[in-house]
Amino acid sequence: MQATLLLEDGTRIPGAAAGAPGVAVGELSVYDGHDAVHRLTDPASAGQICAFTQPSVGRWGVNTEACETGSPWMRGLIAREIADIPSNWRSAETLDFFLRRCYTPAIQGVDTRELSRYASEKGIRRCAVASSPGFTGWDALLTQVKSYRYSDTFPAAVKTPVTHGSGKNASAHVAIFDFGSSLGLTRLLTSVRLRVTLLPPYDAPTIVSRGGYDAVVLPNGAGSPRSHPGITEGLRSLIAGGIPMLGFGLGFRFIAQAAGAVLRPMDKTHRGAWYPVEDARTGAVFYTWQNHGQTPEEPLPDGFTVTHRNAADGTAEAFVLDGKPVFAAHFLPCADFRVGGTCELFSPLFEALRQKGAVSC
């Protein structure tokens with residue numbers, strides 16, 4: 001069956017249908033990694049239609065252990081080729097079957113690298129995938145594409161507090177503002193004997209201010225802090241109170257805004273697995289996984305110390321707040337949060353907990 005990719009400038013790109021039949025409208029994002037399932041199930045991908053620039057995706061199939069949540073949050077998928085036969089012994093099903101089972105439309109046969117260049121040059125940010133047989137409503141669909149805006153409501157967040165790792169061996173209690181936190185993050189923190197509670201994001205600042213938590217983690221997620229002034233105000237009070245805090249991805253932007261920075265849209269978004277980041281203190285450069293389209297305007301206000309910068313475009317990638325146990329990074333920890341793996345991103349949080357006497361190792 002044929003499918004069509006419709007861009008917001010009216011361009012139609014033909015291809016072959018994959019996944020579930022239907023029409024999907026969302027933000028166009030470009031990703032250069034191989035891990036399609038991780039990206040599909042990451043709540044930070046909510047509202048996006050992702051174009052994978054790798055020549056073939058789905059070669060590893062679907063490994064349920066690598067899923068960040070139980071279902072896809074991405075609205076649609078664009079690929080040059082979706083592999084029919086997985087080559088990983090842990091694969092439970094093909095990517096195409098997973099997409100069909102979860103009602104996610106996809107299109108293949110698209111030159112995604114050329115699409116990436118074209119979208120970058122034209123400033124295209126939205127698109128649609130139509131794989132319904134006999135679809136003819138192009139004018140109405142184009143209007144829908146041009147007017148699309150992500151709802152910014154944290155659909156993957158918990159509705160009431162949920163606690164993990166509450167056994168007697170837990171050494172500290174960490175609150176996670178659940179913007180759509182991944183299963184891997186919870187596994188990682190509980191594996192180092194931390195008690196973890198996922199909090200509804202709108203209520204989280206008030207809940208934490210009542211006490212009982214040793215630290216706060218603000219994870220990645222979809223949307224913009226500018227749409228949530230209440231959360232920002234609550235964070236500002238928590239920062240002033242001196243509670244140890246770590247933010248990454250969306251959490252980085254929330255902390256930056258709460259500390260006085262102004263966020264701006266990026267001309268070229270950072271979505272992929274090979275973004276070079278330089279440690280401003282040592283000069284070491286390493287590659288990171290990122291998924292964002294905003295960055296703080298510079299110069300940053302007083303009180304920020306930038307510790308890492310993007311080696312390609314110079315944007316701030318990590319900072320500490322002077323005199324506060326607060327660290328934030330725009331790049332993300334290990335893509336699948338493998339338990340047992342050392343993640344330097346969490347070191348400032350663990351050090352702050354040690355100084356409070358909340359952990360001993």
Side-chain angles (χ1 to χ4, degrees), residues 26-54 57 66-69 71-79 104 112 116 119-120 125-127 150-152 154-157 176-185 188 201 217-227 246-257 263-277 286-296 308 310-313 315-318 328-337 343 345:
E27 297 177 358
L28 174 63
S29 66
V30 178
Y31 183 63
D32 58 8
H34 293 271
D35 47 342
V37 174
H38 165 78
R39 183 68 192 279
L40 274 165
T41 57
D42 184 355
S45 299
Q48 296 178 12
I49 295 177
C50 186
F52 288 81
T53 60
Q54 294 293 336
V57 296
C67 292
E68 293 293 350
T69 56
S71 60
W73 291 99
M74 195 180 294
R75 287 178 169 267
L77 183 147
I78 307 166
T104 305
T112 50
S116 173
S120 177
R125 297 183 180 274
R126 293 171 287 270
C127 68
Y150 177 64
S151 61
D152 248 1
F154 306 125
I176 296 179
F177 284 36
D178 188 17
F179 303 131
S181 182
S182 68
L183 299 174
L185 174 61
L188 176 65
V217 173
L218 283 80
N220 196 26
S224 169
R226 294 187 296 184
S227 302
L246 166 69
F248 54 88
L250 180 62
F252 168 99
R253 299 191 292 281
F254 262 113
I255 292 175
Q257 181 171 273
L263 301 174
R264 64 171 178 84
M266 303 175 69
D267 295 329
K268 294 186 177 181
T269 61
H270 290 178
R271 303 191 192 277
W274 303 104
Y275 286 93
V277 169
F286 53 96
Y287 288 99
T288 62
W289 190 82
Q290 304 191 14
N291 186 9
H292 59 264
Q294 291 180 327
T295 190
H308 297 74
N310 190 286
D313 60 21
T315 54
E317 291 282 9
H330 227 171
F331 52 92
L332 306 179
C334 337
D336 58 0
F337 296 102
C343 189
L345 184 55

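Keep in mind that the numbers below use all heavy atoms, side chains included, and drop hydrogens, waters and symmetry copies.
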*Asks:* As an exercise, state the distance from CZ of Phe154 to CG of Asp178, rounded to the nearest 0.5 Å.
*Replies:* 9.5 Å
*Asks:* Testing the basics here: between His330 and Arg253, what is the closest heavy-atom pair and its distance to 0.1 Å?
*Replies:* NE2-NH1, 3.0 Å
*Asks:* Closest heavy-atom contact between Arg271 and Ser29?
*Replies:* CD-CB, 3.3 Å
*Asks:* Got a donor-acceptor contact below 3.5 angstrom from the Asn310 side chain to the Val277 backbone?
*Replies:*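 Side chain of Asn310 to backbone of Val277, a donor-acceptor pair under 3.5 Å: no, none is there.
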*Asks:* Decide yes or no for Asp313 and Thr295: does some side-chain heavy atom of the first lie under 4.5 Å from some side-chain heavy atom of the second?
*Replies:*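 SC-SC contact between Asp313 and Thr295 ruled out.
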*Asks:* What is the minimum heavy-atom distance between Gly180 and Pro43, and which atoms define it?
*Replies:*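 That closest heavy-atom pairing would be O-CG, 2.8 Å.
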*Asks:* Under a 4.5 Å cut-off applied to non-hydrogen side-chain atoms, are Phe248 and Val217 in contact?
*Replies:*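 They are in contact (side-chain heavy atoms under 4.5 Å apart), so the answer is yes.
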*Asks:* Within the 4.5 Å heavy-atom criterion, are Gln48 and Arg75 side-chain neighbours or not?
*Replies:*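 The answer is no, as the side chains (C-beta and beyond) never meet within the 4.5 Å cut-off.
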*Asks:* Spell out, as yes or no, whether a donor-acceptor pair under 3.5 Å connects the side chain of Thr41 to the backbone of Val37.
*Replies:* yes
*Asks:* Heavy atoms, side chains only, cut-off 4.5 Å: are Pro225 and Leu250 in contact?
*Replies:* yes
*Asks:* Looking at side-chain heavy atoms only, is the closest gap between Phe177 and Phe254 below 4.5 Å?
*Replies:*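 They are not in contact (no side-chain heavy atoms under 4.5 Å apart), so the answer is no.
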*Asks:* Quick one, Leu40 and Leu77 - any side-chain contact, counting heavy atoms below 4.5 Å?
*Replies:*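 Of all side-chain heavy-atom pairs linking Leu77 with Leu40, at least one is under 4.5 Å.
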*Asks:* Can you tell me how far the CG atom of Asp42 sits from the CE atom of Met74, to the nearest 0.5 Å?
*Replies:*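 Atom-to-atom, Asp42:CG and Met74:CE are 8.5 Å apart.
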*Asks:* May I ask you to decide if the ring planes of Phe331 and Phe286 are parallel, tilted or perpendicular, using 30° and 60° as cut-offs?
*Replies:*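 Taking Phe286 first and then Phe331, their aromatic rings stand perpendicular (interplane angle over 60°).
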*Asks:* If the condition is ring pair (Phe, Tyr, Trp, His ring centres under 6.0 Å), which residues does Tyr275 pass it with, not counting sequence neighbours?
*Replies:*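 Counting only residues at least two positions away or on another chain, Tyr275 forms a ring pair (Phe, Tyr, Trp, His ring centres under 6.0 Å) with His270.
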*Asks:* For Pro155 and Tyr150, work out which heavy atoms get closest and say how close.
*Replies:* CD-OH, 3.3 Å
*Asks:* At their closest point, which heavy atom of Thr53 faces which heavy atom of Thr112, and how far apart are they?
*Replies:* CA-OG1, 3.4 Å
*Asks:* Can you tell me if Ser45 uses its side chain to pair, donor with acceptor, with the backbone of Arg39 under 3.5 Å?
*Replies:* yes
*Asks:* Can you sort out the partners of Phe52 under ring pair (Phe, Tyr, Trp, His ring centres under 6.0 Å), two or more places apart, ordered by chain and number?
*Replies:* Tyr31
*Asks:* For Ala44 and Asn220, which heavy atoms make the closest approach, and how far apart are they?
*Replies:*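 In terms of heavy atoms, the two residues are closest at CB-ND2, 3.1 Å.
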